[in-house]
S.K.: 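Please find one structure pasted underneath; my questions will follow.
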Amino acid sequence: MTAYYNGFPQSDKDEKITMVNVDELEEKVKEVMPEPAYYYIASGSENEWTWRNNTAAFNHFQIVPRSLTDMDNPSTATEFMGMKLKTPIMIAPIACHGIAHKDAEIATAQGAKAAGALFSSSTYANKSVEEIAAATGDAPRFFQLYLSKDWEFNQMVFDAVKAAGYKGIFLTVDALVSGYREANLRTNFTFPVPLDFFTRYLGGKGEGQSVAQMYASSAQKIGPADVARIKEMSGLPVFIKGVMNADDAYLALGAGADGIVVSNHGGREIDGAPATIDMLPEIARAVNKRVPIVFDSGVRRGSHVFKALALGADLVGIGRPYLYGLALGGASGVQSVIEQINSELEIDMQLTGCKTIEDVKHADVRNLSYGLDNLPSSTSPKVRKPYPVTTENQMKVEAETDATSGASSH
């Protein structure tokens with residue numbers, strides 16, 4: 001079934017998803033999502049080099065297997081900012097989940113809770129922080145902030161977020177204007193579903209506006225003094241989201257940041273920027289464990305999560321895949337995506353003798369010179385050709401036989 005908001009089709013599914021890997025969902029979701037909404041999620045900026053390289057660059061790093069470790073049953077449980085989690089995989093913030101499902105961020109948060117993962121909500125969410133909290137109780141959650149030019153609006157957001165039990169803020173500093181997103185221009189994408197904070201404060205629904213128009217209402221300059229002001233006004237820990245080099249990590253720490261988010265906005269801002277995984281080691285050395293590090297952009301595999309943790313991250317965010325899961329299965333679909341990647345992580349932990357996530361953080365991951373490729377497996381629907389049907393290669397269906405006598409039932 002499909003629900004509609006002013007003619008915009010929204011999935012109303014709630015079911016577990018069967019998959020071999022999360023990349024398969026990218027094509028399948030086209031069956032339930034309009035083209036402009038799909039490309040809002042799936043695309044990057046300009047020629048999309050950074051968007052592609054975010055995933056491909058994980059191949060710059062290799063996991064060294066270990067043997068004779070006398071270990072089994074690895075645990076992906078971890079703790080972050082005092083919150084106990086079943087997995088180091090978290091829901092990275094993305095705007096407007098209503099383009100994927102009628103229950104929007106409520107369903108995403110429910111799926112994260114079921115998987116034991118940290119959920120984060122965007123300033124540009126469709127559902128209110130109060131609705132999300134009511135649906136998920138004391139499940140762990142963070143809030144991603146697009147700082148507004150209007151500090152009264154900011155204070156309203158801080159008050160609501162804190163009252164709703166959010167444990168911290170991801171302050172986005174790498175999207176002061178929208179990247180040049182050609183797919184959004186080609187499909188004339190505008191936000192089709194109301195955005196809660198704009199509705200409650202400005203009277204405007206954020207409906208029918210482009211991404212660039214929405215960003216125009218946000219602050220176009222953010223400095224160290226803003227970090228201190230946000231911490232004071234919100235009374236919450238503040239992580240700086242969008243750090244891509246050591247110098248900015250030092251600036252963030254000097255401004256009083258409680259954590260760092262290594263991110264290039266999923267390749268949706270500056271095209272030609274480095275992949276996040278390539279910059280993570282430099283930033284981790286600069287931070288030197290003084291504050292937690294969250295990592296996102298390009299994560300599609302359990303091995304990607306493993307590598308990011310081993311190179312300095314404490315939590316690893318996924319983005320596009322969970323929105324595909326949301327569209328295809330609602331809360332249960334989000335849970336399925338997290339659990340798929342987590343199960344791949346468990347395999348890597350077993351094969352490297354890592355019993356705990358803390359062990360993964362000390363695993364042997366090396367940067368060795370190999371040709372860069374990010375090709376799918378030979379059985380991926382993206383490349384697999386129809387299997388030839390010949391008289392010689394077909395299975396024969398034997399006539400049914402009586403289980404007792406062996407006689408044919410015909």
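Computed from a predicted structure; not experimentally measured.
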S.K.: Could you measure the distance from the OG atom of Ser297 to the CG atom of Asn54? Nearest 0.5 Å is fine.
M.R.: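 Taking OG in Ser297 and CG in Asn54, the distance rounds to 5.0 Å.
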S.K.: For Asp103, what residues pass the salt bridge (Lys or Arg N to Asp or Glu O under 4.0 Å) criterion, not counting sequence neighbours?
M.R.: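 Listed in chain order: nothing, the list is empty.
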S.K.: Start with the C-alpha distance between Ile318 and Ile89, add both sets of side-chain angles, then the distance that settles side chain to side chain contact (heavy atoms under 4.5 Å, CB included), and finish with yes or no.
M.R.: CA-CA 7 Å; Ile318 58 172; Ile89 300 164; 4.0 Å; yes
S.K.: What verdict does the ring-ring contact (aromatic ring centres under 6.0 Å, His included) test give for Phe158 and Phe143, after you've listed the backbone C-alpha separation in whole Å, the side-chain angles of each residue and the deciding distance to 0.1 Å?
M.R.: CA-CA 9 Å; Phe158 300 150; Phe143 183 82; 8.4 Å; no
S.K.: In terms of side-chain geometry, is the basic nitrogen of Asp314 or Lys361 positioned less than 4.0 Å from the acidic oxygen of its partner?
M.R.: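 Lys361 and Asp314: salt-bridged.
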S.K.: Any idea which heavy atoms bring Ile63 and Pro65 closest together, and the distance?
M.R.: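 Minimum heavy-atom contact is O-CD, 3.3 Å.
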S.K.: Using 4.0 Å as the upper bound for N to carboxylate O, is an ion pair formed by Lys86 and Glu339?
M.R.: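 No.
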S.K.: Taking the basic N atoms (NZ, or NE/NH1/NH2) and the acidic carboxylate oxygens, is any pair closer than 4.0 Å for Lys28 and Glu24?
M.R.: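 The answer is no: the pair does not qualify as a salt bridge.
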S.K.: Take Ser128 and Glu131 through the side chain to side chain donor-acceptor pair (under 3.5 Å) test and state the conclusion after the steps.
M.R.: CA-CA 5 Å; Ser128 72; Glu131 290 174 304; 3.2 Å; yes
S.K.: Just list the side-chain donor-acceptor pairs under 3.5 Å for residues 243-253, sequence neighbours left out, or say none.
M.R.:
from	atom 1	to	atom 2	distance (Å)
Asn245	OD1	Asp247	N	3.2
Asn245	OD1	Asp248	N	2.8

S.K.: Checking Gln110 against Thr136: is there a side-chain donor and acceptor pair closer than 3.5 Å?
M.R.: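 No, no side-chain donor-acceptor pair sits under 3.5 Å.
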S.K.: I'd like to check the salt bridge (Lys or Arg N to Asp or Glu O under 4.0 Å) partners of Arg181; sequence neighbours left out, ordered by chain and number.
M.R.: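 If we apply the salt bridge (Lys or Arg N to Asp or Glu O under 4.0 Å) test to Arg181, skipping adjacent residues, the hits are Glu269.
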S.K.: Go through the steps for Ile260 and Val294 under the test side chain to side chain contact (heavy atoms under 4.5 Å, CB included), then give the verdict.
M.R.: CA-CA 6 Å; Ile260 300 291; Val294 176; over 6 Å; no
S.K.: Please say which of Val157, Asn154, Thr123 ends up in a side chain to side chain contact (heavy atoms under 4.5 Å, CB included) with Ser148.
M.R.: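 So, applying the side chain to side chain contact (heavy atoms under 4.5 Å, CB included) to Ser148 and each of Val157, Asn154, Thr123, only Asn154 qualifies.
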S.K.: Kindly determine whether Met71 and Arg66 satisfy side chain to side chain contact (heavy atoms under 4.5 Å, CB included), including the steps that lead there.
M.R.: CA-CA 11 Å; Met71 189 278 292; Arg66 296 297 307 275; over 6 Å; no
S.K.: Suppose we screen for side chain to side chain donor-acceptor pair (under 3.5 Å). Which residues come up paired with Glu27, at least two apart in sequence or across chains?
M.R.: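 Side chain to side chain donor-acceptor pair (under 3.5 Å) check on Glu27 returns Lys30.
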S.K.: For Arg290, does its backbone N or O pair with a side-chain atom of Asn288 as donor and acceptor, under 3.5 Å?
M.R.: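 Checking the backbone N and O of Arg290 against the side chain of Asn288, no donor-acceptor pair under 3.5 Å is found.
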S.K.: Please report the C-alpha distance between Tyr201 and Asp150 in whole Å, then the side-chain angles of each, then the deciding distance to 0.1 Å, and finally whether the side chain to side chain contact (heavy atoms under 4.5 Å, CB included) criterion is met.
M.R.: CA-CA 11 Å; Tyr201 184 75; Asp150 183 342; 3.3 Å; yes
S.K.: Residues two or more places apart in sequence or in another chain: which of them pass salt bridge (Lys or Arg N to Asp or Glu O under 4.0 Å) with Lys289?
M.R.: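 With sequence neighbours excluded, Lys289 shows a salt bridge (Lys or Arg N to Asp or Glu O under 4.0 Å) to no residue whatsoever.
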S.K.: Using atom types as modelled and distance alone, determine if a side-chain donor or acceptor of Asp359 lies under 3.5 Å from a backbone N or O of Thr356.
M.R.: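 Yes, Asp359 side chain to Thr356 backbone: donor-acceptor pair under 3.5 Å.
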S.K.: Can you list the residues that meet the side-chain contact (heavy atoms from CB on, under 4.5 Å) rule with Ala284, with sequence neighbours excluded?
M.R.: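 For Ala284, the residues satisfying side-chain contact (heavy atoms from CB on, under 4.5 Å) (neighbours in sequence not counted) are Ile293.
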S.K.: Going by the ring pair (Phe, Tyr, Trp, His ring centres under 6.0 Å) test, which pairs reach into residues 223-244, not counting sequence neighbours?
M.R.: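 Every ring pair (Phe, Tyr, Trp, His ring centres under 6.0 Å) pair that includes a residue of residues 223-244, provided the two are not neighbours, is Phe80-Phe239, Phe142-Phe239, Phe170-Phe239.
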S.K.: Is Asp258 salt-bridged to Lys231, cutoff N-O under 4.0 Å?
M.R.: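 Looking at Lys231 together with Asp258, the answer is yes, because their closest N to O distance falls below 4.0 Å.
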S.K.: The criterion is side chain to side chain donor-acceptor pair (under 3.5 Å); which residues satisfy it with Asn126, sequence neighbours excluded?
M.R.: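 Asn126 satisfies side chain to side chain donor-acceptor pair (under 3.5 Å) with no residue once adjacent residues are dropped.
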S.K.: Which atoms form the tightest heavy-atom contact between Ala115 and Thr87, and what is the distance?
M.R.: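 That would be O-CG2, 3.9 Å.
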S.K.: Would you find more than 12 non-hydrogen atoms of other residues, nucleotides or ligands less than 6.0 Å from Asp138 atom CG?
M.R.: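 Incorrect, the count does not exceed 12.
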S.K.: Identify the two heavy atoms, one from Gly44 and one from Glu48, that lie closest to each other, and give their separation to 0.1 Å.
M.R.: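 Scanning both residues completely, I find the closest heavy atoms to be N-OE2, 2.8 Å.
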S.K.: Do Asp348 and Ser303 meet the criterion of a side-chain donor-acceptor pair at a distance under 3.5 Å?
M.R.: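 The criterion, which ignores hydrogens and geometry beyond distance, is not satisfied for Ser303 and Asp348.
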S.K.: Walk me through it: do Glu105 and Ser121 pass the test side chain to side chain donor-acceptor pair (under 3.5 Å)?
M.R.: CA-CA 7 Å; Glu105 292 82 11; Ser121 182; 5.8 Å; no
S.K.: Would you please say whether a donor-acceptor pair under 3.5 Å links the side chains of Asn367 and His60?
M.R.: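 No, no side-chain donor-acceptor pair sits under 3.5 Å.
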S.K.: Atom CG in Leu328, atom NZ in Lys13: separation rounded to 0.5 Å?
M.R.: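 It is 7.5 Å, given to the nearest 0.5 Å.
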S.K.: Taking the side chain from Thr50 and the backbone from Ala273, do they hold a donor-acceptor pair closer than 3.5 Å?
M.R.: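 At least one qualifying donor-acceptor pair exists.
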S.K.: Answer yes or no: is there a donor N or O on one side and an acceptor on the other, between the side chain of Arg301 and the main chain of Thr55, under 3.5 Å?
M.R.: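 It does not hold such a pair.
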S.K.: Can you tell me how far the CH2 atom of Trp49 sits from the CD1 atom of Ile270, to the nearest 0.5 Å?
M.R.: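 Going from the CH2 atom of Trp49 to the CD1 atom of Ile270 covers 12.5 Å.
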S.K.: Applying side chain to side chain donor-acceptor pair (under 3.5 Å), can you list everything that pairs with Glu46, at least two apart in sequence or on another chain?
M.R.: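 In terms of side chain to side chain donor-acceptor pair (under 3.5 Å), with neighbours along the sequence ignored, Glu46 is linked to no residue.
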S.K.: Has the side chain of Glu344 got a donor or acceptor atom that lies under 3.5 Å from a matching backbone atom of Gly302?
M.R.: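 Here the side-chain-to-backbone pair exists.
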S.K.: Tell me, yes or no, whether the heavy-atom count around Glu232 atom CD, taken from other residues, nucleotides or ligands under 6.0 Å, exceeds 12.
M.R.: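 Check fails, neighbour count at 12 or below.
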S.K.: Calculate, to the nearest 0.5 Å, the distance between atoms OG1 and CG belonging to Thr76 and Leu309 respectively.
M.R.: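 Output value for this atom pair is 10.5 Å.
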S.K.: Is the backbone N or O of Ala139 less than 3.5 Å from a side-chain atom of Arg141, with the two atoms forming a donor-acceptor pair by type?
M.R.: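 A pair under 3.5 Å: yes.
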S.K.: What is the distance from atom CG of Leu345 to atom SG of Cys354, rounded to the nearest 0.5 Å?
M.R.: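 It is 9.0 Å, given to the nearest 0.5 Å.
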S.K.: Sequence neighbours left out, what pairs pass ring pair (Phe, Tyr, Trp, His ring centres under 6.0 Å) with at least one residue falling in residues 101-135?
M.R.: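 Matches after skipping sequence neighbours: Tyr124-Tyr146, Tyr124-Phe198.
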S.K.: May I ask you to decide if Phe58's main-chain N or O and Lys307's side chain share a donor-acceptor pair within less than 3.5 Å?
M.R.: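 A pair under 3.5 Å: yes.
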S.K.: Looking at residues at least two apart in the chain, or sitting in another chain, which of them share a side chain to side chain donor-acceptor pair (under 3.5 Å) with His97?
M.R.: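 Expected list: Thr108, Tyr322.
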S.K.: Going by the rule salt bridge (Lys or Arg N to Asp or Glu O under 4.0 Å), which residues pair with Asp364 if we only count those two or more places apart in sequence or in a different chain?
M.R.: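 Per chain and number, Asp364 pairs via salt bridge (Lys or Arg N to Asp or Glu O under 4.0 Å) with Arg366.
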S.K.: Determine the minimum heavy-atom distance between Lys167 and Pro237, stating which atoms define it.
M.R.: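 It is O-CD, 3.3 Å.
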S.K.: More than 12 foreign heavy atoms under 6.0 Å from OH of Tyr180: is that the case here?
M.R.: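 12 or below, so no.
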S.K.: Quick check: does any side chain N or O of Gln340 sit under 3.5 Å from a backbone N or O of Val22, one acting as donor and the other as acceptor?
M.R.: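 Such a contact is absent between Gln340 side chain and Val22 backbone.
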S.K.: Could you measure the distance from the CD1 atom of Ile357 to the NE2 atom of His362? Nearest 0.5 Å is fine.
M.R.: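 Interatomic distance, Ile357 CD1 to His362 NE2, rounded to 0.5 Å: 12.5 Å.
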S.K.: So, does Lys241 use its side chain to make a donor-acceptor pair with the main chain of Val173 at under 3.5 Å?
M.R.: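 A pair under 3.5 Å: no.
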S.K.: So, Ser336 side chain and Ile17 main chain: donor-acceptor pair closer than 3.5 Å or not?
M.R.: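 It does hold such a pair.
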